[in-house]
Structures are given as structure tokens and as C-alpha cells.
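Order of the sequence lines sets the chain letters (A, B, ...), proteins ahead of strands, with each chain counted from 1.
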Amino acid sequence: MSFSQEIINWYHPNKRDLPWRHTTDPYIIWLSEIILQQTRVEQGLPYFYRFVEQYPNIATFAAAEEGEILRLWQGLGYYSRARNMHKAAKMVMDNHDGIFPTTYDSLIKLNGIGGYTAAAIASFSANEAKPVLDGNVFRVLSRYFGIEEAINTPKGKKLFYELALEMLDKEQPAIYNQSIMEFGALQCKPQNPDCQICPLRTSCYAKQTNKVNSLPVKIKGRISKDRYFYYFVIMDEKSGSIAIRKRGPKDIWENMYEFPLIEQAAPLSISELKNTKEFNELFGRGAELHIISTPKKHILSHQNIYATFLEVSKISKDSNKKGEWDYVLLKDLDTLAKPKLIFAFLRDYNLQ
DNA sequence: AATCCGGGGCG
DNA sequence: CGCCCAGGATT
């Protein structure tokens, strides 16, 4: 039996019952595919339900404010996905008459949709014969066929794409694409796959040559930078407000909310912090500082953030000249999209 | 071609 | 701690 047929035969009795597998609505499939980018099914599932309920169709999604979408996305990470979805939704309303496209060539032009997602939506919603190429597919193909070319180089991606296209069952691309991804997720897992029960074990190159743990090949990487954030909690007791700022572009957490901060490349003591030019510009010389929490390590894909939260009082009257922050009522804080680091702090210190 | 962009789970 | 996850955009 062919590789493709074996994969499909494995799928039917072993597949998970996932909500986006009960529809061919490209909008619903789009929601699920963007949520699942670099995200495990179990982590994305609750977000998928919330988005479908809040925005049941493309029109309601496009009509929402970006901040509202970001707030619903809060905690899931890679927030450019949410911002790009909003742009894509508006593009569908403006350029496609509100009808979500189902062809690969139309989909690939939408913000946040690349080769993988375009192939996924086109095949799942309209059975277009385009192969998906995600982490699961790279792994299954490299192991089964013994491809030692790195999966994260242009040369490797081209090689794997050609193989993926060759293996694609053109008669049933939707089922085949689902099958090979599910096979990678459940059977041909990254770590410690149980090859003894794999239906492909006798013809699998990696299994037969004992290379399961060394495939796929991936060029290393990921040097993490250390950043030290000193967050200032400024309460206005009379109005029940707290100081908040919105992050700008070209850095992490674009358009999300946090406290006023001073960032350093190296750790500082509290007295050193008070003597910085930045501190004086923000608060003036008479301001008082009290540590709320010791440095908390927050790990992102390319950086380690060490965040210290400090309470500031007795700030001078002419502080905040540059409008670094706004005051927001504590009761309204929940409506703003905040990174995990911030909303976890608010929760832990009962400010929310 | 390389780097950036989150957060979580697992061994 | 390092690796990986239904990747894509930017430089």
C-alpha cells in the first residue's frame, strides 16, 4: 500500500474529534488555523470557542475594534496574528464582498496567511489540491523517507515541498492533509514516539536505521537577549485609577497595555534606578519607590525579561510631561489587552 | 538567509 | 533548561 493510503487508513480510527473538522466554512477554518499557528491544540481550543462565539462570521469580526480582538487573544501569544486577522477580515469585506475566499491564490494575499495556512484553508474548505507543510509534515516526511536536509532552510523547504506535493492524494486532499498532520501530532511525535505500534514501521527509514531521534534535522538557533523591565505601579486613590501605557511598534507586545516602565540592559539596584535620567524625567526627584515584587523572569522566544514591579508615590506635579501614561479606572483595566506578565501580576496582587 | 514574534508543556 | 508546537512578516 502507498504511503499516502497508509496515512489515511491510520487517520480514520485514530483522529481526534475537533470542532473545526465539522465544517467547511472557510471563515471558521481560518479562525482555527491562525489560532493553531505555533500553538498546541489543547492551548488553542478554548480561544477557538471564544472567537466563534464572539465573532460568528467575517462581518462581525471585521466590524470589531483591534483592541477588542487583542483582548480576546490575550494570553495566547504571537499577537501579530490577531492584528493581522483584523486586517485580513477588513480586506475580505472590502475586496471579496464579504465572502471569505477559498482558493490558495486569493488566501495567500491576506494578512497573516502564508503558504501553510493558505493550503490548509483551500484544501479543507474546497478540496483544492495544495499540500500542507507544517511541523508535523516535516517530521513525518523526514523520518519516513530519511531526508537529512534541514527543514528550516530555503533549500530544505523547497525539497520538502516537492516531496509533500508528490505524496498529496489529489483525489482527497482535505482528508490527506488532515491525516498526515494528525499522524505527526499523535503517532510520529517529536519525542519518544511509540514506533512499535506504528503501521508504517517496516517501511520507515528512520525506524529501520535507528534515526528516529535525530530526524528531522533543524539548524539550531535562538540566542536569547536579557532585558530588565522596571514597571511602575502608580495609583490615584481618589479616582480609583492606575497609570497605563500602550506599547508601540517594532518591539514585543505591539498595541498592548502595560505600566509605565524603565528598561535597562543590565540589572539596577533601587538607588541606581532612582538616579537614572529616565527616572527623573518621569517622576522628578522627590518621588518615592517601594518594591512590590522581586524580579520575575518571563521567557519569550528570543528574550528573557526580568521584570520588577515598584510602587511609586509622591511624584512631582510636573511629571508625565511627555504623556508617557494615562490613568485608567481600575474597573476598566480588564477591557484592555495586556501581556501575560502584566495580567498575571494584576491577578496575583489582587488589583483585578 | 536570518531574525523576530508568546506562551505553554514536556522530559 | 532545551525543544517543540496546524507559521508568518520583516530585514
Which atom pairs, donor and acceptor, lie under 3.5 Å between side-chain atoms of residues 57-67 of chain A and protein residues at least two apart or in another chain?
unit_1: A/Asn57; atom_1: OD1; unit_2: A/Ala59; atom_2: N; d: 3.3
unit_1: A/Asn57; atom_1: OD1; unit_2: A/Thr60; atom_2: N; d: 2.9
unit_1: A/Asn57; atom_1: OD1; unit_2: A/Thr60; atom_2: OG1; d: 3.1
unit_1: A/Thr60; atom_1: OG1; unit_2: A/Asn57; atom_2: N; d: 3.3
unit_1: A/Thr60; atom_1: OG1; unit_2: A/Asn57; atom_2: O; d: 2.8
unit_1: A/Glu66; atom_1: OE1; unit_2: A/Asn255; atom_2: ND2; d: 2.7

Given protein heavy atoms under 4.0 Å, the one-letter contact record of nucleotides 1-11 of chain B, with B base, S sugar-phosphate only and - none, is simply S--BBBBB---
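- Of the residues in residues 102-115 of chain A, those placing a heavy atom less than 4.0 Å from an atom of DNA chain C are A/Asn111, A/Gly112, A/Ile113, A/Gly114, A/Gly115, in numerical order.
- Residue contacts shown for A/Trp20 include a base, since a base heavy atom lies under 4.0 Å away.
- Residues satisfying the ring pair (Phe, Tyr, Trp, His ring centres under 6.0 Å) test with A/Tyr306, not counting sequence neighbours, are A/Tyr228.
- Considering only residues two or more places apart in sequence or on other chains, A/Met235 meets the side chain to side chain contact (heavy atoms under 4.5 Å, CB included) condition with A/Val233, A/Glu237, A/Ile242, A/Leu330.
- Scored by the ring pair (Phe, Tyr, Trp, His ring centres under 6.0 Å) test, A/Phe100 finds A/Trp30 as partners (sequence neighbours excluded).
- Distance check on atom C1': C/dC5 versus B/dG6 gives 12 Å, rounded to whole Å.
- Separating the P atom of B/dC10 from that of C/dA6 is a span of 13 Å, rounded to the nearest Å.
- With sequence neighbours left out, A/Glu68 forms a salt bridge (Lys or Arg N to Asp or Glu O under 4.0 Å) with no residue at all.
- For the pair A/Lys130 and A/Tyr104, the cation sits on the ring face: its NZ or CZ lies under 6.0 Å from the ring centre, inside 45° of the axis.
- Between A/Lys220 and A/Glu182, the one whose closest nucleotide on DNA chain C sits nearer the 5' end is A/Lys220.
- Among residues two or more places apart in sequence or in another chain, the salt bridge (Lys or Arg N to Asp or Glu O under 4.0 Å) test is passed with A/Lys314 by A/Glu288.
- Listed by first then second residue, pairs satisfying side-chain hydrogen bond (donor to acceptor under 3.5 Å, both in side chains) with a partner in residues 184-198 of chain A number zero, not counting sequence neighbours.
- In this view, A/Ser269 and A/Ser271, A/Glu272 satisfy the side chain to side chain contact (heavy atoms under 4.5 Å, CB included) rule, not counting sequence neighbours.
- Chain A approaches DNA chain C within less than 4.0 angstrom (heavy atoms of the protein), and the contacting nucleotides run 5' to 3' from C/dC4 to C/dA9.
- Legend: residues meeting salt bridge (Lys or Arg N to Asp or Glu O under 4.0 Å) with A/Arg50, ordered by chain and number and at least two apart, are absent.
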